[in-house]
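Letters go in sequence order (proteins before strands), and every chain restarts at 1.
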There are 2 protein chains.
Amino acid sequence: MNSDKGADVDRRIAAPPTMSVLAAEALRSMILSGELLPGDRLPENSLTAQLGVSRSPLREAMSVLEQEGLIVQAPRRGAIVAPLTAHDIYEIYTLREQLEELAIRLGVPVAEEARLDRLREAFARLEAATGDDQTEHTRLAFEFHLALVGLAGHRRLEESFRSLSLQMQLCMAMNRRARAGLETMKEDAARHRPLLDLALAGDRDGLLVALRNHGQRTFLLYAEEHVDGHSPESRAWFAEVRAQLEGSEAS
Amino acid sequence: MNSDKGADVDRRIAAPPTMSVLAAEALRSMILSGELLPGDRLPENSLTAQLGVSRSPLREAMSVLEQEGLIVQAPRRGAIVAPLTAHDIYEIYTLREQLEELAIRLGVPVAEEARLDRLREAFARLEAATGDDQTEHTRLAFEFHLALVGLAGHRRLEESFRSLSLQMQLCMAMNRRARAGLETMKEDAARHRPLLDLALAGDRDGLLVALRNHGQRTFLLYAEEHVDGHSPESRAWFAEVRAQLEGSEAS
DNA sequence: CGACGGCATACTGTCTACAGAACACAGACC
DNA sequence: GGTCTGTGTTCTGTAGACAGTATGCCGTCG
């Protein structure tokens, strides 16, 4: 009779989405698709008109997106799409990598078979994506990594990772027009298959190694040229990445 | 003339706090002081009456606290103080420890002298706390650790760490009445001094080792008995913690 | 010609009101 | 006696209005 406390009943039918959620999704896709660029202002009035919701749900949606790191709000000065500096990219990348590693260490080999299903499905969707919508394809790739992190069954870890992944998508959206078609989608799906296989085999160390070489480091160098705002840390880190890349190319 | 874009001017005079911020602070302290316990419902009407603000700023405050992990909201069902299971404690502790370690690896030795000032000040405040307000003392200890993590100059890392620290304070608030005066404040301040010294000396490895033995693991075992909701992962992890503790006691 | 000051405008912070959903209780039925 | 159903209440989701603040423009003064 599963008399839960009400907070976490496992719903069979999805709850009707609230306007706030719909507004958040719409805004998020506007940002991640590159329709809105970092630094763009987000006046509430025009957005309510554009999205067809009132200010209350819109403000709630903006608060969600702020938590996700996609927008920043200044008191009495409104919200803008989060501007990205080189230091931000350094932060996003280092933290995200670390979280992914922790997730693998905690979660592989996998405790519950069901979590692997999610990973399989995410890969299937990534493989099946045929259209040439680059934004959607990027999203699916991130969804796969999210499922990978989900293997640990660690809600907070997964949530942090998701937030950082979104910010990374924002970073890519910013540069998309310039780097269109950097790699084809089939190549990208193929690049992810080994990760799936290693996870299914429960090979923790193999997975850790594979992930270290999986990151799209070429993208990073590309991104560096399109932003400013270096910090001492980020400058050193980018230099290191560059060195590693050249080393691996030489070999 | 420092013509910033408006988003991040470094203000000399503090911006007048908004009602939302005040409400968030009030709510947070109500939760962390143990006045509200995990699972308690938070109806908007009674809270607006209690805090003297309208529903809009209150809702925004609740959204902030949800992001901090102190409360959880269910659509159309309102908010409750975040209930903590053993699995939650496992999540909070593992992730927090990992973030702290990453911060030290990235941030020590320290790049900018000014960051050390913050750490010194945090320690001074911790040492100077004489009153017997346990909640406040706990807060100051966490503030010290936050400053330690802040050495890395990694905003996102620090923010995640802060959120997890708040949740840990919630966990402690839950058990406070039972474990009152588990250790005196002077002892606690003394326990933190080596961390400060190691950070000032720029001794990264020494700091990492010290931190590994610094965590209040006895508290964890105590907490375990006051919650339910174990997962396979959390059960194994708690067992490991217990084993380590007994091992170190024996030696 | 450049800088300062005042004014108009746009935008956000907050409040109140209304509609619909979740919940609790009481009565009816098996 | 227990379970189910209907109804009333409580609470949340959303909308819209008002007030105060930030911003940009224009005219004036040095």
Does A:His87 have its ring centroid less than 6.0 Å away from the ring centroid of A:Tyr90?
yes
Answer with yes or no after comparing the ring centroid distance for B:Phe238 and B:His230 against a 6.0 Å cut-off, counting only values under it.
yes
List the residues meeting salt bridge (charged side-chain N to carboxylate O under 4.0 Å, His left out) with B:Glu113, not counting sequence neighbours, and say none if there are none.
B:Arg120
Scoring nucleotides 10-21 of chain D by protein non-hydrogen atoms under 4.0 Å (B base, S sugar-phosphate only, - none) yields --BBBBBB---S
Hey, is A:Glu158 close enough to A:Arg162 for a salt bridge, meaning N to O under 4.0 Å?
no
Worked check of side chain to side chain donor-acceptor pair (under 3.5 Å) between A:Thr135 and A:Ser33:
CA-CA 6 Å; A:Thr135 301; A:Ser33 72; 5.6 Å; no
